[in-house]
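Just below is one structure, and these are the notes that go with it.
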Amino acid sequence: MILTNRKKESENLVGSFSDRVRLIVRKIPRGKTLTYKEVARRAGSPKAFRSVGTILSKNYNKDIPCHRVIKSDGQLGNYNRGEKMKEQLLRSEGVV
DNA sequence: TGGTTGACCAACT
DNA sequence: AAGTTGGCCAACC
């Protein structure tokens, strides 16, 4: 305990599942992509990847780069602004 | 309280 | 490579 009570201020504070998903996605750096499964895993429910998608679909906040969240298969997946836009954004950030 | 929905995943065809 | 099937889980009626 003497060392570190360093909490990561995001995964640790519990809100609802959707809140944590938003926080996690918000931390994705530019040029990096994360899978729905990974996000769900970090959010605390590894099998809730579908819910992650549902939540992101309802999220229109620009602070949350939801376009950086893709499928596990390497496909882009859907996007509320259009899949085409999603690809363009990712390429714009240098994602391969 | 219970059933339906969905920006998915993995396995199979 | 692309389509189908069953499963899984949180959110929304």
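Each chain gets a letter, A, B and so on, in the order the sequences are listed, and its residues count up from 1. Everything quoted here is computed from the prediction, not taken from an experiment. The figures that follow rest on heavy atoms only: side chains count, while hydrogens, waters and symmetry mates do not.
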Linking I/L/V/M/F/W/Y whenever any side-chain heavy atoms sit under 4.5 Å apart, do Ile64(A) and Tyr36(A) land together? yes

Write down the atom of Leu90(A), the atom of Ile70(A), and the distance for their closest heavy-atom approach. CD1-CG2, 4.0 Å

Lys/Arg-Asp/Glu bridge criterion (N-O < 4.0 Å) met for Lys32(A), Glu93(A): no

Are Glu87(A) and Lys84(A) close enough that some pair of their side-chain heavy atoms sits under 4.5 Å apart? no

To the nearest 0.5 Å, how far apart are SG in Cys66(A) and CZ in Arg26(A)? 12.5 Å

Scanning both residues in full, the closest heavy-atom pair of Ser72(A) with Lys37(A) reads OG-CB, 3.6 Å

Would you say Phe17(A) and Val25(A) are hydrophobically clustered, going by side-chain heavy atoms of ILVMFWY under 4.5 Å? yes

In residues 47-54 of chain A, which residues come under 4.0 Å of DNA chain C by heavy atom? Lys47(A), Ala48(A), Phe49(A), Arg50(A), Ser51(A)

Remember a base hit wins even if backbone is also touched, and classify Tyr36(A) as base, sugar-phosphate or nothing at under 4.0 Å, heavy atoms. base

Does anyone know the first and last nucleotide of DNA chain B in reach of chain A, 5' to 3', at under 4.0 angstrom to a heavy atom? dG6(B) to dA10(B)

Only stems of 3 or more consecutive Watson-Crick or G-U pairs count here, both distances under 3.5 Å; name the ones for DNA chain C, or none. B:2-6 with C:9-13, B:8-13 with C:2-7

Check whether Leu89(A) and Leu56(A) end up in the same hydrophobic cluster, where Ile, Leu, Val, Met, Phe, Trp and Tyr are linked by side-chain heavy atoms less than 4.5 Å apart. no

Looking at residues at least two apart in the chain, or sitting in another chain, which of them share a side-chain contact (heavy atoms from CB on, under 4.5 Å) with Glu83(A)? Asn78(A)

Locate the shortest heavy-atom distance separating Val69(A) from Thr35(A); write the atom from each residue and the value. CG1-C, 4.0 Å

Scan residues 55-83 of chain A against DNA chain C and write down, sorted by residue number, each residue with any heavy atom closer than 4.0 Å; if none is found, say none. Lys58(A)

Is Ile28(A) reachable from Val95(A) through a run of hydrophobic residues whose side-chain heavy atoms are each under 4.5 Å from the next? no

Ignoring hydrogens and geometry, is there a side-chain-to-backbone donor-acceptor pair from Thr54(A) to Arg50(A) under 3.5 Å? yes

Outermost nucleotides of DNA chain C that come under 4.0 Å of a non-hydrogen atom of chain A: dG7(C) to dC12(C)

Same apolar cluster (I L V M F W Y, side chains within < 4.5 Å links), Val52(A)/Leu76(A): no

To check you understand the geometry: which heavy-atom pair defines the closest contact between Ala48(A) and Ala40(A), and what is its length? C-CB, 3.9 Å

Backbone of Gln75(A) reached by a side-chain donor or acceptor of Asp73(A) within 3.5 Å: no

